[in-house]
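See below for the structure under consideration.
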Amino acid sequence: MRVIRPSALAGNGRRRTLLLSATMLAVGVLAAQLTLLTPASTATGVLAASAALGLGVGTAWLLRALRPNRARSAAEALAGLLAPTLDDSYTLLLAPTLPVRDAARLDGVLVGPAGVRVLTVRDWDGRYRVRGRGWEFDARGRRGWITCRTNPSFEAASLSEGFSRWASDAGLVLPDVALRPAIAFPNRRSRIVLEEPIDEVITTDNAPWWANTIGRVQRLDPSSVARVVAAVMEAAEARSAVGRRPAAQDAG
């Protein structure tokens with residue numbers, strides 16, 4: 001399976017942040033040293049202020065670069081889940097920034113002979129079950145199974161519908177059967193009981209079976225796969241260049 005990471009996800013943004021942080025910290029350290037070496041005067045106050053500013057801004061940017069990133073961790077976990085199960089006829093685009101509602105939950109777009117899968121990742125801890133599109137959590141004891149506060153099936157369906165509208169606007173003609181939502185649970189601490197779910201659910205236990213199941217029918221030829229991949233990459237790169245707009249302005 002080919003994996004494509006947009007520049008923002010691949011670490012370019014993080015490297016820029018680290019470079020800025022290092023520069024500001026260096027300026028702050030230099031100003032602090034000059035403050036100690038310079039006799040008391042107006043210049044000393046300016047140097048002290050520069051040192052405080054450089055060290056403060058540098059530290060803030062460093063913390064920003066090192067803090068956990070949900071999009072990056074979810075995308076890498078998704079790639080690790082799917083890579084062993086699919087061949088090079090499939091391409092996984094990680095977290096493309098497309099103009100769809102709730103785009104922050106769009107963790108991947110898988111394109112291949114079996115069609116297009118619009119993927120969203122969940123890192124849930126515990127035992128869950130899905131019936132149709134109803135999700136429940138195993139609270140154990142007297143409480144038993146209780147309805148989940150959020151429903152990934154509805155969210156995945158919304159993302160798929162948004163992708164379909166974007167594809168239509170982009171001039172991509174996709175058969176309805178070729179576009180499906182899918183929910184991925186790439187971590188073993190997520191234990192999912194599948195009871196005839198309507199949407200595709202991929203877990204660490206069923207990933208090979210899922211890949212074999214979807215691969216039985218070819219819905220897209222290689223040229224169509226290439227067009228979809230190119231369109232997603234072009235749209236994601238263009239959107240990354242201008243920055244992410246508020247979700248309320250998104251089409252979808």
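Atom-to-atom distance recorded for Ser160:OG and Leu106:CG is 10.0 Å, nearest 0.5 angstrom. Atoms OG1 and CD, from Thr147 and Glu136 in turn, are 5.5 Å apart once rounded to the nearest 0.5 Å. We find the CH2-CG distance between Trp209 and Leu194 to be 7.5 Å, quoted to the nearest 0.5 Å. Atom CG of residue Leu81 and atom CZ of residue Phe185 lie 11.0 Å apart, to the nearest 0.5 angstrom. From Ser190, atom OG reaches atom CG of Asp205 across 10.5 Å, with rounding to the nearest 0.5 Å. Considering CG of Leu92 and CG of Leu119, their distance stands at 7.0 Å, rounded to 0.5 Å.
Considering all non-hydrogen atoms of both residues, Gly108 and Pro96 come closest at CA-CD, 4.3 Å. Shown here for Ala114 and Ile214, the closest heavy-atom pair between the two residues is CB-O, 3.0 Å. For Asp138 against Arg140, the heavy-atom pair with the smallest separation is OD1-N, 3.0 Å. Residues Leu220 and Pro175 come closest through the heavy atom pair CD2-CD, 4.4 Å. Closest non-hydrogen pair, Ala156 versus Pro181, comes out as O-CB, 3.4 Å. Here the closest non-hydrogen pair linking Ala236 and Leu98 is N-CD2, 4.1 Å.
Side-chain contact of Arg105 with Thr120: a donor-acceptor pair under 3.5 Å is absent, judged by distance alone. Inspection of the Arg165 and Ser168 side chains reveals no N or O donor paired with an N or O acceptor under 3.5 Å. The closest side-chain donor-acceptor pair between Asp87 and Ser89 falls under 3.5 angstrom.
Remark: the backbone N or O of Ala211 is not paired with any side-chain donor or acceptor of Thr85 at under 3.5 angstrom. Although no hydrogens or angles enter the test, the distance criterion places no donor-acceptor pair under 3.5 Å between the side chain of Asn187 and the main chain of Arg189.
Contact check on Asp199 versus Arg133 returns a salt bridge, with a Lys/Arg side-chain nitrogen under 4.0 Å from an Asp/Glu carboxylate oxygen. Looking at Arg117 and Glu200, a side-chain N of the basic residue comes within less than 4.0 Å of a carboxylate O on the acidic one, giving a salt bridge.
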### Message
As a quick check of understanding, evaluate side-chain contact (heavy atoms from CB on, under 4.5 Å) for Arg129 and Trp145, giving each step before the final call.
### Response
CA-CA 9 Å; Arg129 73 180 177 189; Trp145 294 95; 3.3 Å; yes
### Task
Assess whether side-chain contact (heavy atoms from CB on, under 4.5 Å) is satisfied between Leu82 and Leu78, documenting all intermediate values.
CA-CA 6 Å; Leu82 299 184; Leu78 179 62; 3.9 Å; yes
### Query
Where do Met233 and Ile4 land on the side-chain contact (heavy atoms from CB on, under 4.5 Å) test, with the steps shown first?
CA-CA 9 Å; Met233 289 180 61; Ile4 297 177; 3.6 Å; yes
### Task
Start with the C-alpha gap between Arg5 and Glu76, add the side-chain angles, then the distance that decides, and say whether salt bridge (charged side-chain N to carboxylate O under 4.0 Å, His left out) holds.
CA-CA 9 Å; Arg5 296 170 174 80; Glu76 293 302 332; 2.9 Å; yes
### Query
Hey, mind stepping through Val116 and Leu110 against side-chain contact (heavy atoms from CB on, under 4.5 Å) and telling me if it holds?
CA-CA 6 Å; Val116 179; Leu110 179 69; over 6 Å; no
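For the pair Ile183/Val121, no side-chain contact is recorded, criterion being any heavy-atom separation below 4.5 Å from C-beta on. Using a 4.5 Å cut-off on side-chain heavy atoms (C-beta onward), Trp166 and Val232 make contact. When side chains are defined from C-beta on, Arg191 does not count as touching Tyr128, because their heavy atoms never get closer than 4.5 Å. Looking at Val118 and Leu179, their side chains come closer than 4.5 Å, going by heavy atoms from C-beta outward. By the 4.5 Å heavy-atom criterion applied to side chains, Asp221 and Ser224 are counted as neighbours. Two residues are said to be in side-chain contact when any heavy atoms from C-beta on lie closer than 4.5 Å; Arg219 and Val177 meet this criterion.
Taking hydrophobic clusters as Ile, Leu, Val, Met, Phe, Trp and Tyr residues chained together by side-chain heavy-atom distances below 4.5 Å, Ile202 does not share a cluster with Ile192. When hydrophobic clusters are built by joining Ile, Leu, Val, Met, Phe, Trp and Tyr residues whose side-chain heavy atoms come closer than 4.5 Å, directly or via intermediates, Phe163 is grouped together with Val229.
In this structure, Trp135 and Trp124 have perpendicular ring planes: the angle between them is above 60°, well past the 30° mark.
Atom CD of Glu195 has more than 12 heavy atoms from other residues, nucleotides or ligands within 6.0 Å.
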